[in-house]
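Everything below concerns the one structure shown next.
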Amino acid sequence: IKTVVKDYNLQAQQSEYNQNTWKMILDNCKIVGYPEDQLKESTDDYFEHYSESFKKAAESAKISYEEYLKKNDFENEEALKEECKKQAQSELEYIMIGVEIAKKEQLAVTEELYDELVKAYAKNYGFTDTAKFEEEYGIDYIMESFVFEGVCSWLYDNNKLVESEDVRPTEAPTTEKAESETTTTAE
């Protein structure tokens, strides 16, 4: 049991450390623009997901879609769309910054690594064919996810997490200013 608790505590420390590291990175980066096509596509995807989910929930609750939106703090469908846009922007911030870190640190997903990862992910998501997985999620999105995952691993490996058997997770330093600010723009 001691080993299980120790492993759990380490995973909690790593998770919180990664979250705080990304918070510090985001706090020290300035996003000056978003790729409009990606922002629109991501916003539309979020909106389609939430509106369909809300419509089904409203039907189950035997109330109108509009009533369900209001019960969930959305004045109308436009307010839901605006929230979806904020989520899309947040997602793009992580991706854009991750791509910039990957460029700066010369991190890349090789063709061999891509093939290995896409097979594993396709299987984990219940696909028997990687082509269908790629069609469903899009090669660009999959590649961005792999780059982001690689950056997260690089950040974890290259930062100073002090592992402790103590129950409290370790936090990334939040009082220090980043060595340099990164400005990311859409091209």
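This is a predicted model, so every value here is computed, not measured.
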Hey, are the side chains of I63 and K71 touching, using non-hydrogen atoms and a 4.5 Å cut-off?
yes
Just by modelled atom types, is the F47 backbone N or O under 3.5 Å from a matching donor or acceptor in the S51 side chain?
yes
Test of ring centre spacing under 6.0 Å for F127 and Y121
no
Side-chain donor-acceptor pair under 3.5 Å between Y65 and E59, yes or no?
no
Regarding S90 and Q87, do their side chains bring together a donor and an acceptor under 3.5 Å, going by distance alone?
no
With sequence neighbours excluded, tell me which residues meet salt bridge (Lys or Arg N to Asp or Glu O under 4.0 Å) with K40.
D44
Taking every heavy atom of A102 against every heavy atom of V147, the minimum-distance pair comes out as CB-CG1, 3.7 Å
Under a 3.5 Å distance rule, please check whether E83 uses its side chain to pair with a backbone N or O of L80 as donor and acceptor.
no
Parallel, tilted or perpendicular, as decided by the 30° and 60° cut-offs, for the rings of F54 and Y50:
tilted
Do the ring centers of F148 and W22 come within less than 6.0 Å of each other?
yes
Tell me if a side-chain donor or acceptor on T21 pairs with a main-chain N or O of Y17 at a distance below 3.5 Å.
yes
Test of understanding: clusters of I, L, V, M, F, W, Y form through side-chain heavy atoms closer than 4.5 Å, transitively. Do Y46 and Y34 belong to the same one?
no
Using a strict cut-off of less than 4.0 Å between a Lys/Arg side-chain nitrogen and an Asp/Glu carboxylate oxygen, indicate whether E78 and K81 qualify as a salt bridge.
no
In a table with atom names and distances, give each donor-acceptor pair under 3.5 Å that connects a side chain of residues 133-144 to protein atoms at least two apart or in another chain.
unit_1: E134; atom_1: OE2; unit_2: Y114; atom_2: OH; d: 2.7
unit_1: E144; atom_1: OE2; unit_2: Q38; atom_2: NE2; d: 2.9

Are the charged groups of D27 and K23 less than 4.0 angstrom apart, N to O?
yes
